[in-house]
Amino acid sequence: MNIYKIYFNYIIELLDKFKLESKHNFDNSEILKKITLEPPKNNINGDMSTNLAMLLSKSLKLNPKEIANKLKPYILKLPNIALVDIAGPGFINITLKQSTWSDFIKNMLLNPQNWDKQNIGKGQNINLEYVSANPTGPLHAGHARGAVFGDALASLLDEVGYKVIREYYINDAGSQIEKLVESSLLRYDECNGQDIKEIPNGLYPGEYLKDVGKQLFKKYGKNLKQKSKKDVFDLVRKVSIEVIMKMIKKDLSKLGVKMDVFTSEKNIISGNLLTDILTLLENKNLTYYGTLDPPKGIDPNTWVKRQQFLFKSSNFGDDLDRALKKSDGSWTYFATDMAYHLDKINRTNGDLINVLGADHTGYISRINAAVNALSNGSITIDTKVCALVNLMENGNPIKMSKRAGNFVTLSDIIDAVGKDVIRFIMLTRRNDQSLDFDFKKVTEKSKDNPVFYVQYAHARCNSIFKSAEILEENLSVENIDLLSGNDETELIKFISQWPRTLELAAKNHEPHRICYYLIELSSMFHTLWNKGKDNLNVKFIVENDVKLTNARLLLVKAVALTIRKGLSILKIKPIFEM
RNA sequence: GGACGCGUAGCUCAGCUGGAUAGAGCAACUGCCUUCUAAGCAGUAGGUCAGAGGUUCGAAUCCUCUCGCGUUCACCA
């Protein structure tokens, strides 16, 4: 039950009626697109505010305030209107009757599961690709952000009625995999009793490959290398990737992330998709053999000019055409990625979202071009970029280097602070802003730590029920109209904005908004609670007034429910007792 | 050099796709509480939204240019 949506729809109906009755002739379509009904920033300006009069001003050639005055009688006829005010440059500010708010809480508590349900996705499919870390080593801090962001977004979209496919693309082909195989073979040699000394530069030195070596030795004994080179490569590749993917999946599940689909790059390459995209593009005349100009700023002497097989991605907004084949005739990474995206398009029958790291920003426009070309513009792809995470310890950056071995893995972080803390903190910043993750601060039990602050608010709700000696679920929804204090009403109004927050977060693909909402809700709740210290009259539990206490406990319950709902979208467990 | 992103209070950041007097949290200053509902509370101050133009009823938000920072740029993956 999104109050703002309900009144928004009233306003739209009202516009038609006004047009008919006022005999003004104007074009609705532009206005309908721009019309807003929002909670004003400052609550002096009522409960909701619309810009309708200002929008009409141009086509009616009247000043906005005049129009607002003409609209006012229409608005006064809407349900539960207490006051309509015209303010500023022509805003129409609406104040609802007090009873609206207690009714709101009542309705919410009678439908705790569904009160905030909205069907924005209408059951459409949406494919969300995230993490997709190379299977060459364990997940680290940087991956955590993409994983949490993607997973929270998935759960958010799921909540508002999309059918979400959570997907991981395994880059199990290409030169990095060759290096992985080489590294694993060294570990095998090690098990075989050889002194391998130090792992050479450019290969993967991590301990985790020892396990691969062991498995290979266990399975094939001393004779592995007697097989053909190709067989050895395939076997080692298979075992390496199995071991590492198992590790990655384990870490993901520790973080609470569960993928629906894992797609292998190797399978994409060995299937027919590459020839499919080739015919598709050729039919549209989007490929050619040609040479690219050297990028500006590059020394022309070092530039190797060569004939390449290219995709006209610049037709679709990319700044360059992109190579599909290398000079030796093999496909480029981009070509296989294009094939992969065709695969996603075919399987999904809906829009796509990619979650990438900041270092892949330059890649976005060509993928957009690809998806556009392959789907004839019928599929949109939104790419979300996650900026860096700076790991800190009490204000000081932790220096990471793979060589020195003080490389912080995701698993380490989970063990240190717990998955819920990671999930929350990773969303306390917009995805495209870099984020400091301070081991000390995120585990601090103080109001400066947002995770603690929100969890504390929830635990506090529970503790109030305890002091009142009543179980939350046994509260009866009555006397709710006794909730009439200013602060109480403000709190209710803020809760009424929850569905709107959900909607905006989902539409903009911005799960961080959930976090910010929860922090603010908690803050309002704590503030109200604290007022009870100075003023016994505003305590939640009122001595000798069972009815008022009951009403206030219902509000506490509403707060608890909302926090729980928000946390559940972030897949974080609420804490009942601290 | 090109492309993309960023620039908001001393610091860290929000800002609802163009709305009203730009908001939080730290830090600072000023009080309050030395407790029981729980890990303090309340208040004050702090701004040319990098700068300059433009679009319009109206711009932190859209467009152009300038400055500063970051990422990225070939057949890598």
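What you see is a predicted model, and the numbers here were worked out from it, not measured in a lab. Within every chain, numbering begins at 1; the chains are lettered A, B, ... in the order of the sequence lines, protein sequences first and strands thereafter.
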Rounded to whole Å, the CG-P distance (A/L55 to B/rC57) equals 12 Å

Assign A/H512 to base, sugar-phosphate, or nothing according to its heavy-atom contacts below 4.0 angstrom with the strands shown. sugar-phosphate

task = Please check the phosphate of B/rA77 (OP1 and OP2 only) for any side-chain N or O of A/K326 closer than 4.0 Å.
result = yes

Winner on side-chain proximity to A/R429, out of B/rA74, B/rG15, B/rU12, is B/rU12

Item to complete: Anything under 30° is parallel, anything over 60° is perpendicular, the rest tilted; go ahead and classify A/Y168 against A/F262.
Response: tilted

Rounded to whole Å, the CG-C1' distance (A/L504 to B/rU17) equals 10 Å

Touch class at under 4.0 angstrom, heavy-atom based, for A/Y516 against every strand present: sugar-phosphate

Whichever of A/M48 and A/G532 has the more 5' nearest nucleotide on RNA chain B, that residue is A/M48

- Is the shortest side-chain N/O distance from A/K539 to OP1 or OP2 of B/rU37 below 4.0 Å? yes

d(A/E393 CD, A/K441 NZ) to nearest 0.5 Å is 11.0 Å

With a 4.0 Å cut-off on heavy atoms, is A/K325 in touch with a base, just the backbone sugar-phosphate, or nothing at all? nothing

Margin query: Checking A/D85 against A/I94 for the side chain to side chain contact (heavy atoms under 4.5 Å, CB included) test, could you report, in this order, the C-alpha distance in whole Å, the side-chain angles of both residues, the deciding distance, and whether it holds?
Written below: CA-CA 6 Å; A/D85 202 32; A/I94 301 168; over 6 Å; no

Judged by nearest nucleotide, the residue sitting upstream toward the 5' end of RNA chain B, A/T428 or A/A323, is A/T428

In whole angstroms, the gap separating C1' of B/rA77 from CD of A/E178 amounts to 11 Å

Check this for me: does the side-chain of A/S327 come within 3.5 Å of the base of B/rC75 through a donor and an acceptor?
yes

Reckon A/K447 has a side-chain N or O less than 4.0 Å from the OP1 or OP2 of B/rC26? yes

Between CG of A/L521 and P of B/rA14 the distance, given in whole Å, is 20 Å

Quiz item: Are OP1 or OP2 of B/rG15 and a side-chain N or O of A/R430 less than 4.0 angstrom apart?
Solution: yes

Rounded to whole Å, the NZ-P distance (A/K533 to B/rU35) equals 11 Å

In this structure, CD of A/Q455 is separated from NZ of A/K573 (nearest 0.5 Å) by 11.0 Å

When rounded to whole Å, the CG to P distance for the pair A/N530 and B/rU35 reads 17 Å

- Message: If the cut-off is 4.0 Å, is A/K531 near the phosphate of B/rA42, judged by side-chain N/O to OP1 or OP2?
- Response: no

So A/A358, base contact, sugar-phosphate only, or nothing? Heavy-atom distance under 4.0 Å.
sugar-phosphate

Q.
By the 4.0 Å heavy-atom rule, please label A/N63 as base, sugar-phosphate, or nothing.
A. nothing

Notebook entry, point to check: Taking NZ, NE, NH1 and NH2 as the nitrogens, is one of them in A/K531 or A/D487 under 4.0 Å from a carboxylate oxygen of the other?
Noted result: yes

